[in-house]
2 protein chains.
Amino acid sequence: MIGLPTLPSNRRLDLKERLIDAASSLIEAHGLGSVKARPLAERAGCALGAIYTVFSDLDALIMAVSARTLTRLEAHLDKSEREDEASASPTEAARQKLVWLALAYLDFAFAHRASWRALFEHRLPEGRPVPDWLVADQARLFEKVEKVLQPLVPQLPGPERAILARSLFSAVHGLVLLGLEEKLGVMAFTTLRDEIVRIVSAMARGLEETRT
Amino acid sequence: MIGLPTLPSNRRLDLKERLIDAASSLIEAHGLGSVKARPLAERAGCALGAIYTVFSDLDALIMAVSARTLTRLEAHLDKSEREDEASASPTEAARQKLVWLALAYLDFAFAHRASWRALFEHRLPEGRPVPDWLVADQARLFEKVEKVLQPLVPQLPGPERAILARSLFSAVHGLVLLGLEEKLGVMAFTTLRDEIVRIVSAMARGLEETRT
DNA sequence: CTGACATATGAACAATGTTCATAGAGCTTC
DNA sequence: GAAGCTCTATGAACATTGTTCATATGTCAG
């Protein structure tokens, strides 16, 4: 066997990494359903049983992939926030930011379709709770919206704003989800973009009216 | 023998019905993942192999369940439309109808959680196309929204209105989907109701503004 | 009643996730 | 470097699934 002598813990981490990579590329190539133990072992260059020395089962591996995808998604959204511009008014700027955030979400989903879909498609066996760290990772997405939302509805109490943020996120998520859903005939990307602009703008305007 | 174009005797139709019932109740009780061949056969009171005399595979059976669920959903939404009231203006009435439609969607999803979820959770193996009749069944949902939408955006050309209807549906779908998503901590039903009212109203108002 | 066709059956197969007895790698001690 | 000890990696074996197919059973015309 070639390879430099590595400490056991390094080897473990390395294997973990390789398995996540293998699962990622399988998902991206043929969807969540193609994550099978034997192909995974082959791609990661390890024995079948080795998988279970670093992950308790395939679900745990898939959640590790999800965590990585969420990190990348967050980074992608952060990038979009930096593209600020001077705007007429603070509410105008906030509205603009909301739209950008939504478009960035669409871009990510489009560019990494299968991985993004796997995030929501994957379900744990009945009765098994989602780990707290994964829930927290997802909750951070809502917080991003919440921050941008602040100037639009300044009078709204914090908890209600959190709920509103979740709702806005959900609405955009629905647009992207069904827009890219092949079951319904995928929408043209530019059409989808326009629709997101239209709906998010409409929501933002509608929200402003209720401000007082 | 390829395909199953056998003559539909009464016994066959009966078995088909029983299998759909069995699958339905399994889904409602323990989710899509619990639809397994052997329990199905037992519940339907038939032999294992009998399943494959009326359905080409389990996916076909699940799609039959989906068709039934869609029919019920449609009926449920139609009921909500009849609850009309005299309103101040035509646009006011349309806005109200949109909200009712969305709330009816939420009610159905809440009352038949697992079946409703199965509608979107189920995925065919890669490369197998969704049958046209199922696509058509789903498309009818969009049409319902489209009809209600007409008075709100009368100047919009037909095709664009169809797209807008799909977008509105998608947004509401997203709200319901993530609102009932246990992965994220389910929202209280009344909160979710309020949020749907808020968001749909906001969208409707926002759309009206762009009318001219 | 008999033969010919149709239908139902469940044992057997293939694909899959997971386990575990075993082989072997790495480390310590002499 | 040999011997012993611990910890890891291995893949054959098992359990659970969807699906098939040779066979048993039913049906009905003549």
Side-chain angles (χ1 to χ4, degrees), chain A residues 1-20 22-23 26-27 29-65 118 121-128, chain B residues 1-20 22-23 26-27 29-65 118 121-128:
Chain A
M1 180 81 88
I2 37 174
L4 302 171
T6 40
L7 296 175
S9 67
N10 279 348
R11 286 240 309 289
R12 265 179 87 79
L13 284 179
D14 202 56
L15 175 57
K16 210 164 178 171
E17 228 20 67
R18 283 195 335 263
L19 279 169
I20 294 179
L26 277 177
I27 289 175
H30 299 106
L32 190 56
S34 71
V35 179
K36 316 255 171 99
R38 284 162 185 81
L40 267 176
E42 181 159 13
R43 282 209 184 210
C46 70
L48 181 56
I51 296 171
Y52 299 89
T53 66
V54 281
F55 290 107
S56 62
D57 56 22
L58 289 191
D59 285 320
L61 168 53
I62 289 171
M63 288 192 289
V65 174
E121 198 174 319
H122 177 241
R123 311 213 78 76
L124 257 19
E126 196 179 22
R128 186 164 157 196
Chain B
M1 179 89 80
I2 298 174
L4 41 136
T6 33
L7 306 174
S9 68
N10 281 346
R11 286 240 306 293
R12 284 181 85 75
L13 284 179
D14 204 56
L15 175 58
K16 209 163 178 171
E17 238 4 80
R18 284 195 335 262
L19 278 169
I20 295 179
L26 277 177
I27 288 176
H30 299 107
L32 189 57
S34 71
V35 179
K36 317 255 171 96
R38 284 160 186 81
L40 267 176
E42 181 160 12
R43 282 209 184 211
C46 70
L48 182 56
I51 297 171
Y52 299 90
T53 66
V54 281
F55 290 107
S56 64
D57 55 22
L58 289 191
D59 284 321
L61 169 52
I62 289 171
M63 287 193 289
V65 175
E121 197 174 319
H122 177 242
R123 311 214 76 76
L124 257 18
E126 196 180 21
R128 184 163 158 196

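First the proteins, then the strands, lettered A, B, ... as listed; each starts at 1.
What separates CZ of F55(A) from C1' of dA9(D) is a distance of 17 Å, to the nearest Å. Spacing between atom CD1 of I51(A) and atom C1' of dT10(D) amounts to 12 Å, rounded to whole angstrom units. Rounding to whole angstrom units, CD of residue E42(B) and P of dG18(D) are separated by 14 Å. Nucleotide dG18(D) holds its P atom 11 Å from the CG atom of L32(B), rounded to whole Å. The distance between atom CD1 of I62(B) and atom P of dT17(D), rounded to the nearest whole Å, is 14 Å. Protein atom CG of L61(A) is 10 Å distant from nucleotide atom P of dT18(C), rounded to whole Å. Across the protein-nucleic acid pair, L40(A) atom CG and dT18(C) atom P stand 11 Å apart, rounded to whole Å. One atom, CG of L58(A), and another, P of dT16(D), lie 17 Å apart when rounded to the nearest Å.
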Using the side-chain contact (heavy atoms from CB on, under 4.5 Å) rule, take L15(A) and T53(A) through it: C-alpha gap first, then chi angles, then the decisive distance, then the call.
-> CA-CA 10 Å; L15(A) 175 57; T53(A) 66; 4.2 Å; yes
Evaluate side-chain contact (heavy atoms from CB on, under 4.5 Å) for I51(A) paired with D57(A), printing each intermediate quantity in order.
-> CA-CA 8 Å; I51(A) 296 171; D57(A) 56 22; over 6 Å; no
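With dT16(C), dG18(D), dG10(C) as the candidates, the nucleotide lying closest to the side chain of Y52(B) is dG18(D). Side-chain proximity of T53(B) to the nucleotides dT17(D), dT18(C), dT9(C) is greatest for dT9(C). Residue R38(B) has its side chain nearest to dG18(D) when only dG18(D), dG10(C), dT16(C) are considered. Side-chain proximity of L48(B) to dT18(C), dG10(C), dT10(D): nearest is dG10(C). Nearest to the side-chain atoms of A50(B) among the listed nucleotides dT9(C), dT16(C), dT17(D) stands dT9(C).
Here R38(A) contributes atom CZ and L40(A) contributes atom CG; the two are 11.0 Å apart, rounded to the nearest 0.5 Å.
Taking 4.0 Å as the cut-off between side-chain N and carboxylate O, R123(A) and D59(A) do not count as a salt-bridged pair.
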